[in-house]
Asks: 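Let me give you the structure first, and then I'll get to my questions.
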Amino acid sequence: MSYANEMKLEFDSRSCNEGFARVAVAAFVTQLNPTLEEVADVKTAISEAVTNSILHGYEGKICKILIECFIDGNEFIIHVIDHGRGIEDVKKAMEPLFTTKPDSERSGMGFAFMEAFMDEVKVESTVGEGTRVIMKKKIGRPRSEYEI
Ligand SMILES: Nc1ncnc2c1ncn2[C@@H]1O[C@H](COP(=O)(O)OP(=O)(O)OP(=O)(O)O)[C@@H](O)[C@H]1O
Ligand SMILES: [Mg+2]
């Protein structure tokens, strides 16, 4: 029997909630017996995606960010969703060092970090409708069905 679990979180696009999202997702992923390094990787990826929704998606407006987490066997899947301005050219946005806010201390490395720390990163975005970042990572060892 394969182990499956799911959770959803919705919160305001305030920068103080970035830490909350990071810790909540890390707590959820703990059930996969991750290494400390794997937890740190997931936290970094979540931080980058949530920060992007706050800064670029909503540009300071207070709206809702949704995080959906799924566990499928030993794979951890996260969706970070905003209904903000969207991304015109996703391929370009994902290039290392590309940023549309070069004058506000952005380095254009957020997507590069997500790709470095997760196994897979996909971005679905429509201008004027919003952005969904889908990330996947195989974590720890698979649990036996007796532990569930
Ligand atoms: N949720 C989003 N909504 C709208 N635009 C986004 C979103 N996420 C990313 N972008 C666009 O993609 C670009 C690249 O994002 P990335 O995270 O790689 O760099 P950055 O946020 O500009 O800089 P850094 O993450 O290093 O501080 C951003 O500058 C922005 O234009
Ligand atoms: Mg960023």
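Counting convention: from 1, in listed order, for ligands and their atoms alike. For the numbers below, each heavy atom of this structure counts, side chains included, while hydrogens, waters and symmetry mates do not. For clarity, every value in this text was computed on a predicted model and none was experimentally measured.
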Asks: Look at E59 together with R85 and state whether they make a salt bridge at an N to O cut-off of under 4.0 Å.
Replies: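 Judged by the 4.0 Å cut-off on N to carboxylate O distance, E59 and R85 do form a salt bridge.
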Asks: Would you call V42 and K137 a side-chain contact if the rule is heavy atoms closer than 4.5 Å?
Replies: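 V42 reaches K137 side chain to side chain.
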Asks: Pick, from R106, M109, K92, H56, the option with the minimum heavy-atom distance to atom 21 (O) of ligand 1.
Replies: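 Shortest heavy-atom distance from atom 21 (O) of ligand 1: H56.
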Asks: Which ligand 1 atoms are under 4.0 Å away from a heavy-atom of E48?
Replies: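 The list of qualifying atoms is 25 (O).
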Asks: Would you please determine whether G86 falls within less than 4.0 Å of ligand 1 on a heavy-atom basis?
Replies: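 Yes, G86 has heavy atoms under 4.0 Å from ligand 1.
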Asks: Could you confirm whether N52 has any N/O/S atom lying under 2.8 Å from the Mg ion (ligand 2)?
Replies: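 An N, O or S atom of N52 is closer than 2.8 Å to the Mg ion (ligand 2), so yes.
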Asks: Answer yes or no: does an N/O atom from M114 fall short of 3.5 Å to an N/O atom of ligand 1?
Replies: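 Not met; the criterion fails.
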Asks: Under a 4.0 angstrom heavy-atom cut-off, which atoms of ligand 1 come close to T99?
Replies: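 Listed by number with element, the hits are 20 (P), 22 (O), 29 (O).
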Asks: Heavy-atom distance to atom 31 (O) of ligand 1: which of T100, V133, I65 wins?
Replies: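 It is T100 that holds the nearest heavy atom.
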Asks: Using a 4.0 Å heavy-atom threshold (strictly under), name the region of T131 that reaches ligand 1: side chain, backbone, both or neither.
Replies: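 For T131, the contact with ligand 1 is made by the side chain alone.
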Asks: Would you say ligand 1 has an N or O under 3.5 Å from any N or O of I87?
Replies: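 Between I87 and ligand 1 (N or O atoms, distance only) the closest approach is not under 3.5 Å.
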Asks: Should the pair F28 and F76 be assigned to parallel (<30°), tilted (30 to 60°) or perpendicular (>60°) ring geometry?
Replies: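 The rings of F28 and F76 sit tilted, inter-plane angle from 30° to 60°.
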Asks: What atoms in ligand 1 come closer than 4.0 Å to a heavy atom of G110?
Replies: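 With G110 as reference, the close atoms of ligand 1 come out as 16 (P), 17 (O), 18 (O), 19 (O), 24 (P), 25 (O), 26 (O).
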